[in-house]
Protein chains: 2
Amino acid sequence: MRILVVEDEPKVASFIRRALEEESYAVDVCTDGTGGLDWAQAVDYDLIILDLMLPGLPGVEVLRRARAAGVKAPVMILTARSEVDQRVKGLDAGADDYLTKPFAIEELLARARALLRRAGGAPTGILRVDDVVLNPVTREVTRDGQRLEFTTKEYALMEYLMRNAGRVLTRSMIAEHVWDLDFDTFTNVIDVYISYLRNKIDKGRERSLIQTIRGSGYMMRSDG
Amino acid sequence: MRILVVEDEPKVASFIRRALEEESYAVDVCTDGTGGLDWAQAVDYDLIILDLMLPGLPGVEVLRRARAAGVKAPVMILTARSEVDQRVKGLDAGADDYLTKPFAIEELLARARALLRRAGGAPTGILRVDDVVLNPVTREVTRDGQRLEFTTKEYALMEYLMRNAGRVLTRSMIAEHVWDLDFDTFTNVIDVYISYLRNKIDKGRERSLIQTIRGSGYMMRSDG
DNA sequence: CTTCGACAACGAGAATACGCATATTAATGA
DNA sequence: TCATTAATATGCGTATTCTCGTTGTCGAAG
């Protein structure tokens with residue numbers, strides 16, 4: 001699986017690269033529109049992640065030309081929250097999904113997986129802890145066969161916990177993986193969302209699947 | 001284990017501090033080079049994390065002077081990716097490791113552990129005294145295979161004792177490595193926590209693993 | 001060997017920090 | 001607009017940390 005990231009902010013770019021690489025994708029990063037277009041045509045990527053705010057050639061134009069040149073790879077566009085019309089233009093120009101900045105890296109990964117699957121069979125990698133089953137591809141979570149509904153944030157947190165079942169995850173780690181770059185340390189959102197998850201997962205059970213490690217963070221109980 | 005962080009960006013600094021504290025290290029933060037140098041000389045740190053881009057005194061200079069003044073603590077350098085020149089790579093400024101920004105907090109933690117381990121002379125990282133085993137990564141302590149539960153402070157003290165098994169540790173040394181800057185000398189918290197540890201470790205044994213050195217401090221018995 | 005003083009150990013309770021739930025406010029999208 | 005989700009603020013209960021007074025122990029001097 002090879003992914004092209006076209007993003008001019010070095011900070012964001014390297015953050016995305018790292019995250020994707022950790023998921024064992026091969027990643028190429030390009031910092032300007034023209035170069036991105038060149039690469040998109042030169043290599044048969046499985047996915048292209050494209051920032052719309054680019055120096056030189058605007059993102060929408062990159063996309064349009066790439067499609068015109070026969071690039072088939074699914075494209076995920078990144079936009080600022082305010083640039084709604086840009087987003088629309090992007091989708092018109094042939095994008096398959098969009099993500100607004102700032103975003104949580106887990107969300108980007110989840111969507112990337114979805115796009116890759118749609119394009120052609122990515123590995124399933126179903127996560128299972130106790131009788132909770134999480135399917136990262138469909139984003140479905142069940143307990144005891146019963147479907148559980150999560151919001152985006154809740155799901156991202158859930159997936160992160162499941163992926164690291166049996167390991168202690170400190171709040172810093174959770175912040176870094178589930179929230180975005182400028183996370184305020186002096187807040188209790190994480191606690192609150194853990195509480196949301198527990199409400200949905202553990203309703204009416206005596207022992208929570210998510211354990212609190214006082215002074216450090218949380219841990220998803222692993223089997224046994 | 002006490003760590004000095006010299007970093008001027010408040011956001012980054014507090015993020016690092018938090019992550020380290022969640023791993024039960026005692027952490028001091030300094031926002032300028034001159035102050036950092038002073039602290040490095042004043043306190044016997046187990047690790048120093050040093051940003052190279054600092055107001056006032058540049059990081060490399062802080063490091064050079066600290067080494068000249070006889071500071072032995074391992075030093076991890078933080079630097080922007082673009083500023084990694086040969087000197088930094090060769091680590092000939094006297095650093096023991098370097099990390100480029102931006103970085104994943106887990107990587108910083110992992111490297112910190114590695115440096116502390118190297119300095120502590122434990123090749124595997126796992127500390128063992130008699131039948132007590134302490135794993136700094138998972139922060140699990142067992143005696144005879146039996147899991148022992150510690151609070152954050154208890155664990156920090158325990159790790160410090162284990163790392164220095166066979167060596168007499170005075171109360172001031174313990175205070176310096178396990179408690180923070182404003183430690184009240186006229187208190188007996190240390191004695192109290194030693195007692196807590198003994199309760200948990202030595203329950204029902206005749207000879208304590210932790211020996212009292214009357215008039216000086218305490219010592220973790222080393223094997224034999 | 002005894003006595004005394006200094007030091008350490010212990011127990012109990014006060015103070016604090018932390019996690020959790022709930023309510024409230026803010027942002028986002030239909 | 002309203003409904004849904006995200007984030008913040010606050011109050012409460014409890015685990016942890018610390019203080020303090022008392023009891024116990026060690027060791028040196030008499």
Side-chain angles (χ1 to χ4, degrees), chain A residues 79-85 87-88 91 98-104 106-107 139 148-158 168-172 174-175 178-203 207-219, chain B residues 17-18 21-22 24 26 139 148-158 168-172 174-175 178-180 182-203 207-219:
Chain A
T79 75
R81 227 178 269 284
S82 53
E83 297 163 336
V84 186
D85 56 331
R87 189 157 73 218
V88 174
L91 290 170
Y98 70 91
L99 197 55
T100 52
K101 291 200 213 178
F103 53 84
E106 291 295 327
E107 190 168 352
R139 296 171 144 249
L148 300 173
E149 296 294 338
F150 290 110
T151 70
T152 316
K153 264 276 138 61
E154 286 169 356
Y155 174 81
L157 176 56
M158 187 68 191
V168 174
L169 302 174
T170 66
R171 287 191 179 70
S172 317
I174 295 175
V178 181
W179 271 262
D180 48 55
L181 285 168
D182 40 75
F183 179 82
D184 177 17
T185 324
F186 302 101
T187 178
N188 68 341
V189 231
I190 296 178
D191 307 45
V192 171
Y193 271 84
I194 289 285
S195 151
Y196 289 164
L197 288 190
R198 291 214 257 235
N199 274 333
K200 296 194 172 177
I201 301 170
D202 300 316
K203 182 116 63 178
R207 198 154 66 111
S208 175
L209 264 186
I210 302 169
Q211 289 180 291
T212 303
I213 316 297
R214 195 163 226 270
S216 296
Y218 299 93
M219 184 176 86
Chain B
R17 143 171 272 151
R18 168 133 208 205
E21 280 174 350
E22 284 171 340
S24 68
R139 270 175 291 158
L148 300 174
E149 297 291 341
F150 290 110
T151 70
T152 316
K153 262 278 140 60
E154 286 169 355
Y155 173 82
L157 176 56
M158 186 69 190
V168 176
L169 302 173
T170 66
R171 286 192 179 69
S172 27
I174 295 175
V178 179
W179 270 263
D180 36 330
D182 45 287
F183 181 82
D184 177 18
T185 325
F186 303 101
T187 178
N188 69 338
V189 231
I190 295 177
D191 305 47
V192 171
Y193 270 84
I194 291 284
S195 151
Y196 289 165
L197 289 190
R198 292 214 258 235
N199 272 332
K200 295 194 172 176
I201 301 170
D202 300 317
K203 183 115 65 179
R207 198 154 66 110
S208 174
L209 263 186
I210 302 169
Q211 290 179 291
T212 303
I213 315 299
R214 199 155 228 273
S216 306
Y218 299 94
M219 184 177 85

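First the proteins, then the strands, lettered A, B, ... as listed; each starts at 1. All figures in this text were calculated on a predicted structure; none of them were measured in a lab.
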(request) Specify the separation, in whole Å, of atom CG of B/Leu157 and atom P of D/dT16. (result) 16 Å
(message) One character per nucleotide, please: for nucleotides 2-8 of chain D, 5' to 3', B when the base has a protein heavy atom closer than 4.0 Å, S when only the sugar-phosphate does, - otherwise.
(response) ---SBBB
(message) Is any side-chain heavy atom of B/Leu197 closer than 4.5 Å to one of B/Phe150?
(response) yes
(message) Taking B/Ile190's backbone N and O only, do any of them form a donor-acceptor pair with B/Arg171's side chain (distance below 3.5 Å, no angle check)?
(response) no
(message) Which heavy atom of B/Ser24 sits nearest to which heavy atom of B/Ala156, and what is that distance?
(response) O-CB, 3.8 Å
(message) With heavy-atom distances below 4.5 Å as the criterion, would you say the side chains of B/Phe183 and B/Val178 are in contact?
(response) no
(request) Write down the distance between CG (B/Asp191) and C1' (D/dG21), rounded to a whole number of angstrom. (result) 14 Å
(message) According to side-chain hydrogen bond (donor to acceptor under 3.5 Å, both in side chains), who are the partners of B/Ser208, at least two apart in sequence or on a separate chain?
(response) B/Asp202
(message) Can you build the contact string for nucleotides 22-30 of chain D? Use B for base contact, S for sugar-phosphate-only contact, and - for no protein heavy atom under 4.0 Å.
(response) ---BB----
(message) Using the side-chain hydrogen bond (donor to acceptor under 3.5 Å, both in side chains) criterion, which residues pair with A/Arg139? Sequence neighbours excluded.
(response) none
(message) What range of DNA chain C does chain A touch, first nucleotide to last, counting atoms under 4.0 Å from its heavy atoms?
(response) C/dC18 to C/dT28
(request) Compare every heavy atom of B/Glu22 with every heavy atom of A/Ser172, then report the nearest pair and how far apart it is. (result) OG-OE1, 2.7 Å
(request) Over all heavy atoms of both residues, which pair between B/Thr187 and B/Asp184 is shortest? Give the atoms and the distance, please. (result) CG2-O, 2.8 Å
(request) Locate the shortest heavy-atom distance separating B/Glu154 from B/Lys200; write the atom from each residue and the value. (result) OE1-NZ, 2.9 Å
(request) Please name all residues satisfying side-chain hydrogen bond (donor to acceptor under 3.5 Å, both in side chains) with B/Arg198, sequence neighbours left out, ordered by chain then number. (result) B/Thr212
